[in-house]
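Written below as structure tokens is the structure these notes are about.
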Amino acid sequence: AYVLEGLVVRIQRLKIPRVIAVLIVFLLFILILTIVLFGMLPVLFQQVIDLFRELPTILTSTKDRLILLANEYPAIVSIEQVDEIIESIRQQIVAYGQHIVSFSLASAVDIITFMIYIVLVPLMVFFVLKDKSIILSWFARFAPEQGALVKSVWSGVDVKIGSYIRGKFIEIGLLWSVTYMVFLFMGLNYSFLLSFLVGISVIIPFVGAVVVTLPIAIIAFFQWGLDPKTGYILIAYLVIQIIDGNLLVPILFSEVVNLHPVAIVIAIVFFGGIWGLWGVFFAIPLATVVDALINELVDRDNAQQV
């Protein structure tokens, strides 16, 4: 509801009543949700299943190619090192496979809960959007009368957080779409799955893009070996990341987040350690709140000293 509020406000500026604006945005939200649940997720799950089925073949093929590489360049990598690498990867795959099986066997209740939430959450989104003023008025009764500090901080942070979250969703969607079209055009296997990983990698700044490079490189190497096509895929992925970092991000997040990279990394580690994936996603907005609060307190302290 918080994310969709910005679009509702923009429609209201066209002299459209709020109820109508909420209905338009909500129907658009339901349409996107339906496309994701019934159009994208089945394809994504199918590619995950296909990838797990093909993993033994991928490992065998990769091992053979690495052995050839070891024979040609023994000073770089030995056959023993190849065996150790492949065995380590195989153990990790078995562990993940067991985790997935145990999850699927115990997920019947989770599936029922998920189906209930699929109905309840959109309903809550609709009523929170529709009755925003009523809900805020109710909560305002419990707010402290002397809330100048909160109002001062929130007035600036609200715009930044809303813009950041909406911008992040737009960035994920654009990056996913463009990467998928590029990978599909170049004939890379599991294009939909890999492009999805590229899209969500932006949730973790700096680190996400580097981590996703590994599965892209492995799939490309398995498909083409040391053929130039493997290099072309990696170059295309690098170009996409450069465009995202130097063009898309400045457009979407200009003046939204003014934090040093060290502060961003610390925020990701701290909030991610507390709240997991959601903590990672909201790390930068939360860091913005902390930064605004500290600045406001320092300014007030300096004003009192003067």
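Fair warning: this is a prediction, and the values are worked out from it, not measured in the lab. FYI, side chains are in, hydrogens and waters are out, and symmetry mates aren't considered; it's all heavy atoms of this structure.
- Using a 4.0 Å cut-off between charged side-chain N and carboxylate O, K130 and E5 make no salt bridge.
- Here I216 contributes atom CD1 and L197 contributes atom CG; the two are 7.5 Å apart, rounded to the nearest 0.5 Å.
- Here OG1 of T179 is found 11.0 Å from CG of L188. Values are rounded to the nearest 0.5 Å.
- When side chains are defined from C-beta on, K229 does not count as touching Q223, because their heavy atoms never get closer than 4.5 Å.
- Side-chain contact between I172 and I203 is present, with heavy atoms from C-beta onward closer than 4.5 Å.
- Residues A21 and I11 approach most closely at CB-CG2, 3.7 Å, considering heavy atoms.
- With contacts defined as side-chain heavy-atom distances shorter than 4.5 Å, the pair Y237/V212 qualifies.
- Linking ILVMFWY side-chain heavy atoms closer than 4.5 Å, directly or via other members, places L136 and V128 in two distinct hydrophobic clusters.
- Atom-to-atom distance recorded for I242:CD1 and I235:CD1 is 10.5 Å, nearest 0.5 angstrom.
- Ring-plane geometry between F26 and F29 is classed as tilted, the angle between the planes lying from 30 to 60 degrees on a 0 to 90 degree scale.
- For the atom pair CD (E171) and CZ (R166), the distance works out to 15.5 Å, reported to the nearest 0.5 Å.
- Grouping the Ile, Leu, Val, Met, Phe, Trp and Tyr side chains by contacts below 4.5 angstrom, directly or via other members, places I20 apart from L27.
- No more than 12 heavy-atom neighbours from other residues, nucleotides or ligands sit within 6.0 angstrom of CE on M124.
- No side-chain donor-acceptor contact under 3.5 Å links R18 to the backbone of D131.
- Transitive grouping of hydrophobic side chains (ILVMFWY, heavy atoms separated by less than 4.5 Å) brings V3 and F282 into a common cluster.
- Between V178 and D244, every side-chain heavy-atom pair lies at or beyond the 4.5 Å cut-off.
- W176 and F192 have their aromatic ring centers within a separation under 6.0 angstrom.
- The backbone N or O of V202 sits less than 3.5 Å from a side-chain atom of K168, completing a donor-acceptor pair.
- With rounding to the nearest 0.5 Å, the separation of CG in L175 from CD1 in I170 is 13.0 Å.
- The shortest side-chain heavy-atom distance between L51 and Q47 does not fall under the 4.5 Å cut-off.
- Counting heavy atoms from C-beta outward, P122 and I30 have side chains that approach closer than 4.5 Å.
- Going from atom CD1 of I24 over to atom CG of L14 covers 9.0 Å, rounded to the nearest 0.5 Å.
- The minimum heavy-atom distance linking A267 with A283 is given by the pair O-CB, 3.6 Å.
- For the 3.5 Å distance criterion, the side chains of Y190 and E54 qualify, holding a donor opposite an acceptor.
- Considering only heavy atoms from C-beta on, N189 stays 4.5 Å or farther from F183 through its side chain.
- Hydrophobic clustering, with ILVMFWY side chains joined whenever heavy atoms are under 4.5 angstrom apart, groups V198 together with Y232.
- Linking Ile, Leu, Val, Met, Phe, Trp and Tyr residues whenever their side-chain heavy atoms come within less than 4.5 Å leaves F139 and I134 in two separate clusters.
- In plain terms, the two heavy atoms of L184 and S191 that are nearest each other are N-OG, 3.6 Å.
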